[in-house]
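Reminder, nothing fancy here: chain letters follow the sequence lines and each chain counts from 1.
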Amino acid sequence: MQMQSPKGTRDLLPKESHAWQWVEQIMREEAALAGYREIRTPVFEHTELFLRGVGDTTDIVQKEMYTFLDKGGRSITLKPEGTAGAVRALVEHRLYTEPLPIKIYYLNSPIFRYENPQHGRLREHHQFGMECFGTMEPSADAEVILSILSVLNRIGLKNLSVKINSIGCPVCRPGYHEALKAFLTRRVDRLCPLCKERLERNPLRVLDCKVEGCREASRGAPSILDYLCGECDAHFTTLKALLSTRGLEAQVDSGIVRGLDYYTKTVFEIIVQTPKGEMTLCGGGRYDGLVEQIGGPSLPGVGFGIGTERIILEMQNQGVSAPEPRLTDVFLASLDDEGRRAAFNACMELRAAGVKADCDHQARSLKSQFRYADKLGVRLVAVVGGEELARGAVRLKSMADGVESEALLEELAPLVLKRLENESV
RNA sequence: GUGGGUGUAGUUCAGUGGUUAGAGCGCCAGAUUGUGGCUCUGGAAGUCGUGGGUUCAACUCCCAUCACCCACCCCA
């Protein structure tokens, strides 16, 4: 049997990694602009963290976690989402003793979910996330939404839409649960088996079901928005106003309930319209009770996670490509053994001067070296050897126009630097 | 987890029971003396996903298995 990467995993190959780096750079810059600092937490955590954080009625916890016992008998789980680990670290290291709010982000943290792979759905994927702790203000909710939108806009993605909703808080949600449960119970016979269970433990999730019967059954269901308490309602109204101020008319969609239990008040998704339907790029919201559930102080929070694979996928769909860095600017070709030594030496000198330089490592013919240099897309080729080398010189050829000139070896670095700068392509 | 499709060189694919399995692109090299892109010529490269079975004979038929793709489910 041939070795291959495990089901649902992918190798990031050199020809695509530059696109990732470009996207990462934009994420870092936007996070930094908003005062967020990077945090890196372990790939695995105690299973307990996710049971308490993510919620044990969720699909993620019930059937999608990579959980195993380690050799010490501890139950360990590979991160199925990014927020819980960040919250654990925040609590463990008392980061909340710093001036509030605490703003942190994680970049391409690997995320694991055991499910059937499909387009844009892997068992291991990577997420960028921003989390803001210690403020109840809707401006924080607006900030994280606008930050990630700014990232997506800078990348150049089109056809994006933002859906928001409020799912209330411990004050108002019980009342809504009751009303929703009463409503659905009257139509229970039309619900799918899964939703019949959900009805008891988490009726909100029935609204998210895609089964036709359930969709019909939930038509005309009471809306959470009608049950929000004064505080939640005011929060939601202000958030919408803030987004609107920034020219963002978010689509209010009471069907957005999210797959994680820790959310309170604001939940949102960023969707992209594709020819095959819509794809969720980003999901997030407010989680005012989470820090306390994890064993920390009562500290509100709001944030999001976004899948990098999906961003890259959609970039390809939309024909958006990251600028491709030139691999090598100058190639040192050699004519003979003496030239090979000198070319190697000159190559290292150029690198020391900050020039992307390379030389022949295959002992190839000059013709082949040129062919190779051409494929690399280099801008200048220096031919080292022969009678020029005896005079301490090389022939320097510009690959774009084929023009050659002679250059002294000892002046090569400054000359090359100047030419690369002048003819910057 | 359920249902459908696919699996042949690095890659995109041809090849449906019969000698040493093919093509385009890519890769490597050559086309007279020290030079790329175009063209021409040559070369390397495949346990035909894996394991069983049927047959005188299997890439081709059957079974299983693995992986990928698509749908459901869910979401990033």
Whether the A/Glu131 and A/Thr83 side chains hold a donor-acceptor pair (N or O, under 3.5 Å, no angle test) is what I'd like checked. yes

Could you work out the separation of B/G18 and B/C61 based on their C1' atoms and round it to a whole Å? 14 Å

For A/Leu122, which contact category applies under a 4.0 Å heavy-atom criterion: base, sugar-phosphate, or nothing? base

How is A/Gly283 classified with respect to the nucleic acid when contacts are heavy atoms under 4.0 Å: base, sugar-phosphate, or nothing? sugar-phosphate

Of the non-hydrogen atoms in A/Cys132 and A/Tyr287, which two are nearest, and what is the gap between them? N-OH, 4.4 Å

Nearest to side-chain heavy atoms of A/Gln118, which nucleotide of B/G1, B/U35, B/C73: B/C73

Assign A/Glu269 to base, sugar-phosphate, or nothing according to its heavy-atom contacts below 4.0 angstrom with the strands shown. nothing

For A/Lys7 and for A/Leu335, locate the closest nucleotide of RNA chain B by heavy-atom distance; then report the residue assigned to the nucleotide nearer the 5' terminus. A/Leu335

Pairwise C1' distance, B/A45 and B/A9 [rounded to whole Å]: 6 Å

Heavy-atom nearest pair, A/Lys79 first then A/Ser109, reads NZ-OG, 2.9 Å

A/Arg391 vs A/Glu387, test: salt bridge (charged side-chain N to carboxylate O under 4.0 Å, His left out). Steps then yes/no. CA-CA 7 Å; A/Arg391 300 200 310 270; A/Glu387 45 118 5; 2.8 Å; yes

Closest contact, heavy atoms only, A/Asp401 versus A/Val403: OD1-N, 3.0 Å

Any A/Gln4 side-chain nitrogen or oxygen under 4.0 Å from OP1 or OP2 of B/C66: no

Write down the distance separating the P atoms in B/G34 and B/U39, rounded off to the nearest Å. 26 Å

Counting side-chain heavy atoms from CB outward, which of B/C75, B/U35, B/A29 is closest to A/Arg310? B/C75

Per the side chain to side chain contact (heavy atoms under 4.5 Å, CB included) rule, which among A/Thr280, A/Leu122, A/Val272 passes with A/Arg310? A/Thr280

Testing the 3.5 Å rule here: is there a donor-acceptor pair between the side chains of A/Ser334 and A/Asp360? no

Contact class for A/Arg364 vs. all strands (heavy atom < 4.0 Å): base, sugar-phosphate, or nothing? sugar-phosphate

Do A/Ser244 and A/Glu249 have a side chain donor and acceptor closer than 3.5 Å? yes

Can you name the atoms? Protein N/O to nucleotides 36-39 of chain B N/O, anything below 3.5 Å, with the distance.
residue	atom	partner	partner atom	Å
B/G36	OP1	A/Lys367	NZ	3.2
B/G36	O2'	A/Asp374	OD2	3.3
B/G36	N7	A/Lys397	NZ	3.0
B/G36	N1	A/Met399	O	2.4
B/G36	N2	A/Asp374	OD1	3.0
B/G36	N2	A/Met399	O	2.9
B/G36	N3	A/Asp374	OD1	3.3
B/G37	O4'	A/Asp374	OD2	3.2

Provide the distance between the two C1' atoms, one in B/U16 and one in B/A57, to the nearest whole Å. 15 Å

Looking for any heavy atom pair under 4.0 Å, which part of the strands does A/Leu281 touch: base, sugar-phosphate only, or nothing? sugar-phosphate

Under 3.5 Å, is there a donor-acceptor pair between the A/Tyr227 and A/Glu178 side chains? no

Answer yes or no: side-chain N or O of A/Glu115 and base N or O of B/A76 forming a donor-acceptor pair under 3.5 Å. yes

Among B/C73, B/C69, B/G34, find the nucleotide with the atom closest to the side chain of A/Pro117. B/C69

Counting distance alone, no hydrogens or angles: does the base of B/U35 have a donor or acceptor under 3.5 Å from a partner atom on the side chain of A/Gln369? no

Give me, pair by pair, the N or O atoms of the protein and of nucleotides 2-6 of chain B that are less than 3.5 Å apart, along with how far apart they are.
residue	atom	partner	partner atom	Å
B/U2	O4	A/Asn116	ND2	2.9

What contact category does A/Thr308 fall into here, base, sugar-phosphate, or nothing, at under 4.0 angstrom with non-hydrogen atoms? nothing

Between A/His119 and B/C70, is there a contact of a side-chain N or O with OP1 or OP2 at under 4.0 Å? yes

Would you state whether a donor and an acceptor, one from the side chain of A/Glu388 and one from the base of B/G34, lie under 3.5 Å apart? yes

Just checking A/Gly8: base, sugar-phosphate only, or nothing, at a heavy-atom cut-off of under 4.0 Å? sugar-phosphate

Check whether A/Arg121 reaches the backbone of A/Asn116 with its side chain - one donor and one acceptor, N or O, closer than 3.5 Å. yes

Looking only at side-chain N and O atoms, does A/Ser368 come under 4.0 Å of OP1 or OP2 in B/C28? no

